[in-house]
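Accompanying notes for the structure given below.
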Number of protein chains: 2
Amino acid sequence: MKLSSRSRYGFRAILELAVAYGEGPIQIKTIADREDISNKYLEQLIAMLKAAGLVRSVRGPRGGYTLAKPPSEIRLDEVFSTLEGPLVAVDCLEHATFCSKCTDCVTRRIWSQMQDAVLNVLRAKTLQDMVDMAQGLDKNGTYHI
Amino acid sequence: MKLSSRSRYGFRAILELAVAYGEGPIQIKTIADREDISNKYLEQLIAMLKAAGLVRSVRGPRGGYTLAKPPSEIRLDEVFSTLEGPLVAVDCLEHATFCSKCTDCVTRRIWSQMQDAVLNVLRAKTLQDMVDMAQGLDKNGTYHI
DNA sequence: TAGAATCCTATTAGTTTACTAGTTTATACA
DNA sequence: TGTATAAACTAGTAAACTAATAGGATTCTA
């Protein structure tokens, strides 16, 4: 139940992009410096976000990354599952035929409730919500952990 | 966000003990056979549950394991955190001094909400609830996944 | 006192995590 | 048209974790 730094770093990075949405591309180096993340490692995380279609890139001088859509159109569960893998606690929640007792299984019900609880939190929010929260709280635009 | 088989196996095992509560000790071999888990691996998982004070052991012939308390007094979050480690999504949720922006941190708020969502599911239920669910659903007393 | 059961310690193949390093490709600008 | 800039791509790696397996020591009962 520990979040990987993939998620922690990735969320902080995409939040930087969300805050700067509409102001042109931001470079990896900028984000890495600001959030104190390894340049090369962040590069790989952002590549994941790009592959998922959440982020767009511009190559060459004055290039960098921008959100592919407005912050209000990117739900947090999209970001999370891109970085952390599918939001499935156990396989039998996806494949109903996984085991013979699947529909009757008590532990499966608990895992299902846990999974739904997390999913509801993340599905209910977009990057815009995080931007709004940030602007209400923090004046200088830096975010941590 | 994938549950380890430590949790999956461990929960199934302690549920067996909960169902049999008050009927004397059950051997590892019995549970391992019934739940199709490696004998030696289950031994280690139950050792964790014992170290956490959730399970009691009786050595020698006709020995085995029983719950240390009635099923109604063991909450699911106790079992979960014993097997899966502390239910803390990120370190800065435990240590408020972890980083300078901790109180203002936006991502931290999201992790906090996620963690609370899971915790609420697990804290609200005891092993007795699982036993009740099982008895309403399944006549032959076997549980899977 | 035989044997059934837990208890304890060690080992291991495979995977994942969190990086680092180096090279290649595209492009704005002089 | 050259050059600096920044993403893109590929590979490697030490450390930790996962899911076991192995073997013996200890304890208690019948």
Side-chain angles (χ1 to χ4, degrees), chain A residues 1-14 16-17 20 24-68 82-86 89-91 145, chain B residues 1-13 16-17 20 24-33 35-68 82-86 89-91 145:
Chain A
M1 260 298 295
K2 204 102 181 187
L3 234 57
S4 66
S5 49
R6 249 201 329 277
S7 298
R8 287 184 287 115
Y9 295 172
F11 258 87
R12 280 155 58 188
I14 204 170
E16 292 268 1
L17 297 183
I26 299 187
Q27 294 87 42
I28 282 189
K29 192 178 174 340
T30 308
I31 300 175
D33 286 353
R34 194 138 57 183
E35 297 288 347
D36 199 34
I37 301 172
S38 146
N39 213 299
K40 284 291 195 180
Y41 188 41
L42 183 57
E43 192 177 295
Q44 290 166 50
L45 303 184
I46 293 198
M48 297 173 81
L49 296 172
K50 199 200 165 189
L54 301 176
V55 149
R56 223 193 297 277
S57 68
V58 180
R59 296 177 75 157
R62 305 199 52 84
Y65 293 91
T66 55
L67 289 190
T82 298
L83 296 164
E84 200 78 0
V90 291
D91 286 333
I145 297 287
Chain B
M1 260 299 295
K2 204 105 183 186
L3 234 58
S4 66
S5 47
R6 250 198 330 274
S7 298
R8 287 185 286 115
Y9 295 171
F11 259 86
R12 281 154 59 188
E16 291 269 0
L17 297 183
I26 299 187
Q27 294 86 43
I28 280 188
K29 194 179 172 337
T30 307
I31 299 176
D33 287 353
E35 297 288 346
D36 198 33
I37 301 171
S38 147
N39 212 300
K40 283 290 192 178
Y41 188 41
L42 183 58
E43 199 176 273
Q44 290 168 52
L45 302 185
I46 293 198
M48 296 173 81
L49 296 172
K50 198 198 167 193
L54 301 176
V55 149
R56 223 195 298 275
S57 67
V58 180
R59 297 179 73 159
R62 305 200 50 86
Y65 292 91
T66 55
L67 289 190
T82 298
L83 296 164
E84 200 78 0
V90 290
D91 286 333
I145 298 287

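Proteins come first, then strands; the chains are lettered A, B, ... in the order of their sequence lines, and each starts at number 1.
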Under-4.0 Å side-chain N/O to phosphate OP1/OP2 contact, B:Y9 with D:dA19: no

d(CZ, B:R6; C1', D:dA16) in whole Å: 12 Å

Rounded distance in Å - CG (A:D36) to C1' (C:dA18): 14 Å

Does a side-chain N or O of B:K50 approach OP1 or OP2 of C:dC7 to a distance below 4.0 Å, or not? yes

Taking N and O atoms by type only, does the side chain of B:E43 place a donor or acceptor under 3.5 Å from a partner on the base of D:dT21? no

Does a sphere of radius 6.0 Å around CG in A:D36 hold more than 12 heavy atoms from other residues, nucleotides or ligands, not counting ones at 6.0 Å or beyond? no

Exactly one candidate in B:V58, B:T30, B:L49, B:V55 meets side chain to side chain contact (heavy atoms under 4.5 Å, CB included) with B:Y65; the answer is B:V55

Does A:K40 make a side-chain donor-acceptor contact with the base of D:dG12, cut-off 3.5 Å? no

hbond_proxy B:Q44 side chain to C:dT9 base (donor-acceptor, 3.5 Å cutoff): no

What is the distance, to the nearest angstrom, from the CG atom on A:N39 to the P atom on C:dA18? 18 Å

Keeping B:R12 on the side-chain end and B:E35 on the backbone end, is there a donor-acceptor pair under 3.5 Å? yes

Between atom OH in A:Y41 and atom C1' in D:dA14, what is the gap in whole Å? 14 Å

Verdict with supporting geometry, A:I46 and A:I31, side-chain contact (heavy atoms from CB on, under 4.5 Å): CA-CA 11 Å; A:I46 293 198; A:I31 300 175; 4.3 Å; yes

When rounded to whole Å, the CD1 to C1' distance for the pair B:I28 and C:dC8 reads 12 Å

What is the nucleic acid contact for A:I46, judged by heavy atoms within less than 4.0 Å: base, sugar-phosphate only, or nothing? nothing

Nearest atoms (heavy-atom pairs only) where A:G63 meets A:Q27: O-NE2, 2.7 Å

In whole angstroms, the gap separating C1' of D:dA19 from CD of B:E84 amounts to 13 Å

Within the pair B:S38 and D:dT21, is there a side-chain N or O less than 4.0 Å away from OP1 or OP2? yes

Considering all heavy atoms of both residues, which atom of B:A13 and which atom of B:L42 are nearest to each other, and what is their separation? CB-CD1, 3.7 Å

Specify the separation, in whole Å, of atom CE of A:M48 and atom P of D:dA7. 18 Å

What parts of residues 51-67 of chain A reach DNA chain C, counting only heavy atoms under 4.0 Å away? A:R59, A:G60, A:P61, A:R62

Which whole-number value in Å describes the distance from B:I26 CD1 to C:dA4 C1'? 17 Å

Verdict with supporting geometry, A:D91 and B:K2, side-chain contact (heavy atoms from CB on, under 4.5 Å): CA-CA 9 Å; A:D91 286 333; B:K2 204 105 183 186; 2.8 Å; yes

